[in-house]
Amino acid sequence: MGPLETKTKHYILKVENETKAKNVLDLYLRNKLAFEKFEPTRPINFYTIDYHTAMLSRERKAYLDGSFVRYYIYSPSNPNRIIGAVNFNFYFKLNMSYSEIGYKVDSLYQNQGIAYEVLSHLIPLISSAYGINVFHARIHPENYSSIRLATKLGFQVGRVEPKSANIMGKDEDIVRYCLITSQTQ
C-alpha cells in the first residue's frame, strides 16, 4: 500500500477522506469546462457535496483494499486549496498487473510542470508499493497537453479505442498510451 501522504520538491500529495468533499467540489467547479471537455460525462449529481462525500468514502475504501489510490495535489503556500489530482486504478491479473492512471491540474496552475513533477514522483513510488510496472493512460486525441505530458514521461502510443468514452454526451475515440518501468523487486 502506498503512503497516505507524500511530498515532491514543490507539492504535497494526500489521499483524502470525506472531510475534504468541499475542497474537492471546489476544484471541479473552478474547472468545470476545462475538465469536462476531456473526461467522461458526469452524473447529474456530480457537482454536489453529497456526491463528493460519497466518492471520497469509496476512494478511501478502495485505497484500503489496494484497488485504487487518488492523491490530491496541494501547494505548501496554500495547503487548503486542492490544485489537482492523480489517480491509479490497479488491475491484478494472473500473468500481468497494470495500473490505469488519470491526472488533472487546476487550469490556473497548468503549464507549470506540476503534473510532470507529481507523476515523476508517484510512478516509481506506486511501482514499488504495489508491484506494478505497466501504466496505461487513456487520452482524448485532442488533449494535446496530456499527450505532451505522457510523451515526456516516456509513455508510448498504444492503440486507438474507438468510441470508448462518453464525453459531454458524445461517444469519442480514446488513445491508450503505455509506460513500462523497470521491473519491480
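Computed from a predicted model, the values in this text were never measured in an experiment. In this chain, numbering begins with 1 at the start of the sequence shown.
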Does any part of the side chain of [Y], heavy atoms only, come nearer than 4.5 Å to the side chain of [X], both counted from C-beta?
{"X": "E16", "Y": "E18", "value": "no"}
{"X": "F92", "Y": "I132", "value": "yes"}
{"X": "V134", "Y": "L179", "value": "no"}
{"X": "E172", "Y": "F38", "value": "no"}
{"X": "L119", "Y": "I101", "value": "yes"}

Give, for atom [atom1] of [X] and atom [atom2] of [Y], the distance between the pair rounded to the nearest 0.5 Å.
{"X": "L33", "Y": "S107", "atom1": "CG", "atom2": "OG", "value": "9.5 Å"}
{"X": "H52", "Y": "K22", "atom1": "NE2", "atom2": "NZ", "value": "11.5 Å"}
{"X": "N89", "Y": "S67", "atom1": "CG", "atom2": "OG", "value": "7.5 Å"}
{"X": "K152", "Y": "S120", "atom1": "NZ", "atom2": "OG", "value": "8.0 Å"}
{"X": "Y63", "Y": "F88", "atom1": "OH", "atom2": "CZ", "value": "13.0 Å"}
{"X": "Q156", "Y": "C178", "atom1": "CD", "atom2": "SG", "value": "8.5 Å"}

Could you tell me which residues satisfy side-chain hydrogen bond (donor to acceptor under 3.5 Å, both in side chains) with [X], sequence neighbours excluded, listed by chain and number?
{"X": "D173", "result": "none"}
{"X": "T8", "result": "E117"}
{"X": "R138", "result": "E161, S164"}
{"X": "T48", "result": "none"}

In terms of hydrophobic clustering (I, L, V, M, F, W, Y; side-chain heavy atoms under 4.5 Å; direct or indirect links), are F68 and M1 co-clustered? no
Taking ILVMFWY side chains as joined if any heavy atoms are under 4.5 angstrom apart, and letting links pass through other members, which residues group with [X]?
{"X": "M168", "result": "I167, I174"}
{"X": "V24", "result": "I12, L25, L27, Y28, L29, F35, F46, Y47, I49, Y51, M55, L56, Y72, Y74, I82"}
{"X": "I44", "result": "none"}

Under the salt bridge (Lys or Arg N to Asp or Glu O under 4.0 Å) rule, what pairs show up with a residue in [range], not counting sequence neighbours?
{"range": "residues 56-69", "result": "E59-R70"}
{"range": "residues 78-96", "result": "R81-D106"}
{"range": "residues 36-45", "result": "E39-R42, E39-K104"}

I73 and A85 have their tightest heavy-atom pair at CD1-N, 3.7 Å
Smallest heavy-atom separation, V160 atom then P162 atom, equals O-CD, 3.3 Å
message: Do the side chains of D26 and R30 get close enough for a salt bridge, i.e. N-O under 4.0 angstrom?
response: no
| message | Checking L13 against V86 for the side-chain contact (heavy atoms from CB on, under 4.5 Å) test, could you report, in this order, the C-alpha distance in whole Å, the side-chain angles of both residues, the deciding distance, and whether it holds? | response | CA-CA 9 Å; L13 313 173; V86 175; over 6 Å; no
Please check this pair: side chain of [X] against backbone of [Y], looking for a donor-acceptor N/O pair closer than 3.5 Å.
{"X": "S99", "Y": "F135", "value": "no"}
{"X": "T151", "Y": "I147", "value": "yes"}
{"X": "N143", "Y": "S146", "value": "yes"}

inquiry  = I'd like to know whether the aromatic ring centres of Y98 and H136 sit less than 6.0 Å apart in this structure.
reply    = yes
N133 and T181: CA distance, side-chain angles, deciding distance, side-chain hydrogen bond (donor to acceptor under 3.5 Å, both in side chains) verdict:
CA-CA 5 Å; N133 73 315; T181 63; 4.8 Å; no
Contacts of P3 meeting side-chain contact (heavy atoms from CB on, under 4.5 Å) (sequence neighbours excluded), chain-then-number -> T6, Y71, L125
By ring pair (Phe, Tyr, Trp, His ring centres under 6.0 Å), Y103 pairs with (sequence neighbours left out) none
Margin query: side-chain contact (heavy atoms from CB on, under 4.5 Å) for R176 and E100? Distances and angles first, verdict last.
Written below: CA-CA 10 Å; R176 183 177 292 270; E100 281 193 2; 2.9 Å; yes
